[in-house]
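What follows is a set of notes on a single structure, which appears directly below.
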Number of protein chains: 2
Amino acid sequence: MKGIRRLAQHLNISIGTVSRALNGKPDVNEDTRRRVLAAAVELGYMPNQAGRALRRGSTSVIGLMIETSPETAANSDNFVVGLMDGLQSVLARHELDLIVLPCSSDEDPGNYLQRIVGRRLVDGMILTSTQHRDTRVDFLARSKIPFISLGRSDAGDTHPWIDLDFEGVANRAVDRLVTQSHHRIAITIPPTDINLGYVFLDAYKAALERHGLPFDPELVIRAKTSEQGGYLAADQMLNMPERPTAVMLIYELMAIGFYRRLSEASLQAGTDIAVVGFRESPQSRFLSPTLTCFRLSLRDLGIAVAESLLATMPEYQAQYPLGEVHMIWPMELVEGESDALPTAAPT
Amino acid sequence: MKGIRRLAQHLNISIGTVSRALNGKPDVNEDTRRRVLAAAVELGYMPNQAGRALRRGSTSVIGLMIETSPETAANSDNFVVGLMDGLQSVLARHELDLIVLPCSSDEDPGNYLQRIVGRRLVDGMILTSTQHRDTRVDFLARSKIPFISLGRSDAGDTHPWIDLDFEGVANRAVDRLVTQSHHRIAITIPPTDINLGYVFLDAYKAALERHGLPFDPELVIRAKTSEQGGYLAADQMLNMPERPTAVMLIYELMAIGFYRRLSEASLQAGTDIAVVGFRESPQSRFLSPTLTCFRLSLRDLGIAVAESLLATMPEYQAQYPLGEVHMIWPMELVEGESDALPTAAPT
DNA sequence: CTGAAAGCGCTTACAG
DNA sequence: CTGAAAGCGCTTACAG
């Protein structure tokens, strides 16, 4: 005898009553409920997930899909782990559990997701590393499972998403650099099909145009979003016939490699070339020079993502009347030393 | 009509035969099997996890528990994400899925684990951030669920574990520094009860003793395993009346903050103070000066962890006859510039 | 080789 | 307020 049956036998009542007591149903004698709850703790009873999910038709589990290929591992994980606490703080209100679903580099993300969703492992999904053309989005929309993506895709506003304010970042970075008299401003974008690369590039072009600056495709450097990518980006820039005087890095960790390459050329960020990073991180504050970048609260973002997901789930949408969320998450400029040119470069 | 029933109806055969065909049972007509497999793909059928798990009594899911408090998030995640690909490469052989179970900072890790295991969400568990006195280990041992911990605990060899070679690292680091004529060698250890702090400290003491150097408790600096922790550790060292000439940092990211504080004092690692980091990471290679540290393959470690876990599971142990694994994972010295003192300090 | 049936551990209408 | 029973979607002895 095990599970709820054992508990019921121990108390000498039916399993139905035990279940009702445990699940907080109203029509249970208060004394019975107390006895059941006490016995559950005493015997360490936990309802079997499979039995419960099968009967209920839902799992009370929300999945967060990440990719674990060595490249993405190096970047996005810090970001994603930072989100989790915020996500869980919302989900915990409703006794929903968060599980992270890592798609290995051996498996196609689309297939992986199909397996997870097809098996009904989760009630809702959160996607990360959204691609420009992302088949996962189409699949989830077709399969009617509640989901939200962290990042837009070319599917536009046909599904819930929250994305970082790449436009704002590009605008303010370019404004700031132009004010410092820079007019050859490079950017790095990821070499993959991740959507943020597209968004950032467009925003950069628009910002240049606003300032009447020409767009030079040579100044768009495709580089891995890693320390090494930063190193190689710096290398590429140093070898340009007409060297840019400023650069915007799309990932904060790239700054470490970028700085390294500069130092090998006896150059320094801030003094010899202006560098603006993307997301503020512990690293950015302790690098020398400190990195000018943009701040956001990962916890608050996690909370917003979770609430926006719940807003699409029938059982919870009354509590989160947000509709289908399409949201740009603001980021705040943090001034560092990396673009503080003491004397503005002459135009 | 849905699930396996729909598939069976579509093919006009019984659900039993469908199940047997899908699960590769031998007593199925090959033609029938082909038709079933084709129809499953066509209709996008995936067996419902709850139904399958309930019937089988096992989930085919392995859990990897991590902690998502802001502090641990900053460190261990890079490490853990790096493991995942190796873990999955082994688990995939047996159609086992890896899920990551993040314990939020609001919840007690022991309670969290009890909930997960009690609900039978997974067939086996991998623990990380093993504490010196780790109640999770005791709980898992009592509940008879297969598990392995990444890191030893004070429970000793009563359960499977794989741990990094802190002893070897401490030995080689001290040897190397002593050869460079250092005799005041500091170390940092985490301010928490995580077991690696204990192991590292013991190994450090033993290494000093081997060289006939006195142990000075003042040289053991408790510092957060973060950039900021590194910064504060450097600060503390600089203010010591008798300043250490070398330091071993227990986490690689601490070097960034450590370097920053040195640069604020117009000092440099390698020239003014020898720094040895712990695990090699992309950062360590791109810092200036590059960090002397120790290399390991996270993928291979992940493979070893997964295989050692399977070795404890009845269905798989014949394929992985490793017994109960207690394993120290070797690490290889990577020479950097951070402890390359051009002129040895006089004794 | 295939089908009919039992049963995994729950939750929840339904009777009483 | 409680109990007995049905049934969620599977897998697997058991018959044939």
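Please read these numbers as outputs of a predicted model, since none were measured by experiment. Every chain is numbered from 1 and lettered A, B, ... according to where its sequence line falls, protein lines coming before strand lines.
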Separation of D/dG7 atom P from B/Asn48 atom CG, nearest Å, is 18 Å
Do NZ/NE/NH1/NH2 and the carboxylate oxygens of B/Arg119 and A/Asp97 come within less than 4.0 Å? yes
Residue closer to the 5' end of DNA chain C, B/Arg55 versus B/Asn29 (nearest nucleotide): B/Asn29
Donor/acceptor link under 3.5 angstrom from A/Arg119 side chain onto base of D/dG9: no
Is there a side-chain contact between B/Lys25 and the phosphate of D/dT11, meaning an N or O under 4.0 Å from OP1 or OP2? no
In plain terms, say whether A/Lys25 and A/Asp27 are close enough for a salt bridge, that is, a side-chain N and a carboxylate O under 4.0 Å apart. no
Assess whether a salt bridge exists between A/Glu42 and A/Arg35, defined as any Lys/Arg side-chain N lying under 4.0 Å from an Asp/Glu carboxylate O. no
Flag if over 12 foreign heavy atoms under 6.0 Å of CG, A/Asn12: no
Across the strands shown, which category fits B/Asp27 at heavy-atom distances under 4.0 angstrom: base, sugar-phosphate, nothing? base
What's the CZ-P distance between B/Arg5 and D/dT11, to the nearest Å? 12 Å
May I have the distance from A/Leu22 (atom CG) to C/dT11 (atom C1'), rounded to whole angstrom? 11 Å
Under a 3.5 Å cut-off for both contacts, is C/dA13 paired Watson-Crick or G-U wobble with anything, and if yes, with which nucleotide? none
How would you label the contact of A/Arg120 with the nucleic acid (heavy atoms, under 4.0 Å): base, sugar-phosphate, or nothing? nothing
Any Lys/Arg nitrogen of B/Arg133 or B/Asp138 sitting under 4.0 Å from an Asp/Glu carboxylate oxygen of the other? yes
Grab the CD-P distance between B/Gln49 and C/dG9 for me, whole Å please. 16 Å
Expressed as a whole number of angstroms, how long is the span from A/Gln9:CD to C/dC10:P? 14 Å
Assign each of B/Ile15 and B/Pro26 to its nearest nucleotide of DNA chain C by heavy atoms, then name whichever residue's nucleotide is nearer the 5' end. B/Pro26
note: A/Glu30, atom CD; D/dT2, atom C1'; distance rounded to Å ~ 15 Å
Taking only N and O in the side chain of A/Asn23, is any of them less than 4.0 Å away from OP1 or OP2 of C/dT11? yes
Sugar-phosphate, base or nothing in reach of B/Gly3, heavy atoms under 4.0 Å: sugar-phosphate
Centroid-to-centroid, B/His10 to B/Tyr45, below 6.0 Å? no
Taking only side-chain N and O atoms of A/Thr32, does any of them lie within less than 4.0 angstrom of OP1 or OP2 on D/dT2? yes
From the set C/dG9, C/dC10, D/dG3, return the single nucleotide nearest to any side-chain atom of A/Leu54. C/dG9
Give a yes/no answer on whether the side chain of A/Arg52 brings an N or O atom under 4.0 Å of OP1 or OP2 in C/dT11. yes
Distance check needed: D/dA4 C1' versus A/Ile4 CD1, whole Å only. 14 Å
Does a side-chain N or O from B/Ser19 land closer than 4.0 Å to OP1 or OP2 of D/dC10, or not? no
Taking only N and O in the side chain of A/Tyr45, is any of them less than 4.0 Å away from OP1 or OP2 of C/dG9? no
Does the C/dG3 base have a donor-acceptor partner in the side chain of B/Arg20 within less than 3.5 Å? yes
C/dT11 P sits how many Å from A/Glu95 CD, rounded? 12 Å
Under 4.0 angstrom between B/Ser14 side-chain N/O and C/dG3 OP1 or OP2: yes
